[in-house]
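A short worksheet on the structure shown next.
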Amino acid sequence: MSEEINVQDQAAMDNFVSLKKGDTVKGTIIKIDDNQAYVSLGYKYDGVVPVRELSAVQLVNANDAVQVGQEVELKVVSIDDEKEKLVLSKRLIDGEKAWDVLQARFENGEVFEVAVADVVKGGLVADVGVRGFIPASMVERHFVEDFSDYKGRTLRVKVKEIDRENNKVILSQKEVLDAEFEQSKQQVIAGLQVGQELEGTVQRLTPFGAFVDIGGIDGLVHVSELSWQHVAHPKDVVSEGQKVAVKVLKVDPAAGKISLSMKAAQPGPWETAASQFNVGDIVTGTVRRLVTFGAFVEIAPGVEGLVHISQIAHRHIATPFEVLKEGQEVQAKVLDFNAGEKRVSLSIKETEEAPEQPAASEQAPRSGKPQRERTPQVKPEDLGNNPNVSLNSSSMSYSLAERFGDKLSKLK
């Protein structure tokens, strides 16, 4: 009986595979603990794969790398038949295969998917057969402050850098996103036309304008194109995330630049003013500019009218600066309004009462000359041979009569 058992044991032993350190073997996962996986590979006892040998990246437990029933290729790390201890590594086999694959992907610029295994200082880690690192600056096209929710995500990446000697692989999702963005951008640009009106979303603000997303790409609305009124800073008019209507002003496919305008997509101030003002209306406005021939007064945002110097005051003034100053609020009467030519004529003096005229007795003669006392008629012969009197005229002037009045009175 004992001889039969020995024969059976010997037969079973003959069917076992022979192993040595460094061998590559195939096995099936039959059991998983938190920190190791058990593998059946046809040897006289089962092997174990410690969690650190399951992946190129740090794992919390073995279930993150393999499942029961999965067939895996492994390398023999150590073997001790006396203690029936067989240690295997999946990581080493994966690494050997990975370098050639990664090198080919690097050379071809191939895009492939990876799962984020861990979030570490400075970026993300992924298992690509070896440890692949995605720097924080290469994850997205935009700045990301917190990567805590990226663990477990699937990203599409390219191999940015590979160094087999130093076991270094740098991956980038940003390059993939940038390439896709540029392709989409060119398609959108090709479909744009100057004068086209679109709806967009304000993405970000700068001191010189607002960048508006018009379908996957951003166009710039310069600060001067935000409103018909003067804008000191874009934040005074729009905010990030706001939906706005814009008009395409310029498209530069080579530079990838799009110039947009918000004010051009809105009714102009003169269009609005056309139905707002009529000849004869008394309006309130603000003096914006003073020039030698008059003052420009804003009576509505973007609508300025001219008050000619002759229409500023009832009295004569040499320059508008005598009466007005920039920023002053005034009332004016609309004398003429032409929206088509963007011209308004205004009068300030017609909103004020004219000063009372002096009484008739105080008024000067219509000739405009001061009234003088009548001079008595003097005959030439009455002057005798007085050398101080000229007789070139047939009548004496007022000035001569005034000058020689005393002498003339003695001669009478």
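These numbers were taken from a predicted model, which means no experiment stands behind them.
Shown here for Ser239 and Leu205, the closest heavy-atom pair between the two residues is CA-CD1, 4.3 Å. Heavy atoms only, all atoms of each residue included: Phe112 and Val128 are closest at CE1-CG1, 4.1 Å. Closest heavy-atom contact between Arg156 and Leu177: NH2-CD2, 4.0 Å. Nearest heavy-atom pair, Lys158 versus Gly109, reported as atom, atom and distance to 0.1 Å: CE-O, 3.3 Å. Between Ala126 and Ala115 the shortest heavy-atom distance is CB-O, 3.5 Å. Across all their heavy atoms, Pro234 and Val223 have their closest contact at CD-CG2, 4.2 Å.
Salt bridge annotation for Lys333-Asp281: absent, with no cationic side-chain nitrogen under 4.0 angstrom from a carboxylate oxygen. One finds no salt bridge joining Asp218 and Lys185 here, because no Lys/Arg side-chain nitrogen approaches an Asp/Glu carboxylate oxygen to under 4.0 Å. Electrostatic pairing of Lys247 and Glu225 does not count as a salt bridge here, judged by no charged N lying under 4.0 Å from a carboxylate O. A salt bridge is defined here as a Lys NZ or Arg NE, NH1 or NH2 lying under 4.0 Å from an Asp or Glu carboxylate O, and Arg204 with Glu240 fails to meet this definition.
By the 6.0 Å contact criterion, CD on Glu353 is open, its count of non-hydrogen atoms from other residues, nucleotides or ligands being 12 or less. For Arg164, the CZ atom is densely surrounded, since the number of other residues' heavy atoms within 6.0 Å is greater than 12. Around CD of Gln58, the count of heavy atoms belonging to other residues, nucleotides or ligands within 6.0 Å does not exceed 12. Lys349 NZ: more than 12 foreign heavy atoms inside a 6.0 Å radius.
Contact annotation: the side chain of Val334 never approaches that of Asn278 to less than 4.5 Å [non-hydrogen atoms, C-beta and beyond]. Between Lys90 and Glu73, the closest side-chain pair of non-hydrogen atoms is not below 4.5 Å. The closest side-chain heavy-atom distance from Val157 to Val111 is not below 4.5 Å. Looking at Lys263 and Val221, their side chains never come closer than 4.5 Å, going by heavy atoms from C-beta outward. Considering only heavy atoms from C-beta on, Leu171 comes within 4.5 Å of Val169 through its side chain. You'll find the side chain of Ile170 stays beyond 4.5 Å of the side chain of Val159, heavy atoms only. Between Asp127 and Leu59 there is no side-chain heavy-atom pair separated by less than 4.5 Å. Residues Phe293 and Leu306 form a side-chain contact, since some pair of their non-hydrogen atoms from C-beta on lies under 4.5 Å apart.
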For this session: For Trp270 and Trp228, run side chain to side chain contact (heavy atoms under 4.5 Å, CB included): C-alpha distance rounded to whole Å, both residues' side-chain angles, the deciding distance at 0.1 Å, then the answer.
Result: CA-CA 10 Å; Trp270 288 92; Trp228 289 105; over 6 Å; no
Problem set entry | Test side chain to side chain contact (heavy atoms under 4.5 Å, CB included) applied to Ile299 and Leu346, step by step | CA-CA 10 Å; Ile299 59 174; Leu346 303 170; 3.9 Å; yes
For this session: Test salt bridge (charged side-chain N to carboxylate O under 4.0 Å, His left out) on Arg105 and Asp100 and set out the steps.
Result: CA-CA 9 Å; Arg105 285 174 168 173; Asp100 291 338; over 6 Å; no
Exercise. Val48 and Leu88: side chain to side chain contact (heavy atoms under 4.5 Å, CB included), yes or no, with the steps?
Worked result: CA-CA 6 Å; Val48 295; Leu88 306 167; over 6 Å; no
For this session: Evaluate salt bridge (charged side-chain N to carboxylate O under 4.0 Å, His left out) for Asp81 paired with Lys44, printing each intermediate quantity in order.
Result: CA-CA 9 Å; Asp81 287 335; Lys44 52 189 174 182; 3.5 Å; yes
For this session: Could you please spell out the steps behind the side chain to side chain contact (heavy atoms under 4.5 Å, CB included) verdict for Val39 and Asp46?
Result: CA-CA 6 Å; Val39 182; Asp46 297 329; over 6 Å; no
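With Glu322 contributing its side chain and Ala318 its backbone, the two residues share a donor-acceptor pair below 3.5 Å. In this structure, the side chain of Glu175 does not engage the main chain of Ser172 through any donor-acceptor pair within 3.5 Å. A donor-acceptor contact shorter than 3.5 Å is absent between the side chain of Lys168 and the backbone of Glu161. In this structure, Asn108 contributes its side chain and Glu110 its backbone to no donor-acceptor pair below 3.5 Å. Side-chain atoms of His314 come within 3.5 Å of backbone atoms of Glu352 as a donor-acceptor pair (strictly under, hydrogens ignored). No donor-acceptor pair under 3.5 Å is formed between the side chain of Asp33 and the backbone N or O of Asn35. Judged by distance alone, with hydrogens and angles left aside, the side-chain atoms of Asn166 form no donor-acceptor pair with the main-chain N or O of Asp163 at under 3.5 Å.
Between the side chains of Lys243 and Thr201, at least one donor-acceptor pair of N or O atoms lies under 3.5 Å.
Judged as a ring-ring contact (aromatic ring centres under 6.0 Å, His included), the pairs with a partner in residues 131-182 (not counting sequence neighbours) are, in order, Phe147-Tyr150. For residues 285-304, the pairs satisfying side-chain hydrogen bond (donor to acceptor under 3.5 Å, both in side chains) are Arg288-Glu298, Arg289-Glu304, with sequence neighbours left out.
Scanning for side-chain contact (heavy atoms from CB on, under 4.5 Å) contacts around Ala117 gives Val57, with sequence neighbours left out. Residues meeting the salt bridge (Lys or Arg N to Asp or Glu O under 4.0 Å) test with Glu341, sequence neighbours left out: Arg343. Residues passing the salt bridge (Lys or Arg N to Asp or Glu O under 4.0 Å) test with Arg131: none are found, sequence neighbours excluded. With sequence neighbours left out, the side-chain contact (heavy atoms from CB on, under 4.5 Å) criterion links Glu53 to Val49, Pro50, Ser89, Arg91, Leu92.
If you take CG on Asp146 and CG on Asp149, they are separated by 6.5 Å, rounding to the nearest 0.5 Å. One distance of note links NE2 of His222 with OG1 of Thr206; it measures 8.5 Å at 0.5 Å rounding. Residue Gln196 holds its CD atom at 12.0 Å from CG of Leu249, rounded to the nearest 0.5 Å. To the nearest 0.5 Å, atoms CD (Gln266) and OG (Ser261) are separated by 8.0 Å. Going from atom CG of Asp336 over to atom OG of Ser347 covers 12.5 Å, rounded to the nearest 0.5 Å. Going from atom CG of Asp23 over to atom CD1 of Ile79 covers 8.5 Å, rounded to the nearest 0.5 Å.
Checking each of Arg141, Gln173, Gln183 against Asp178 for a side-chain hydrogen bond (donor to acceptor under 3.5 Å, both in side chains) leaves exactly one that passes, namely Arg141.
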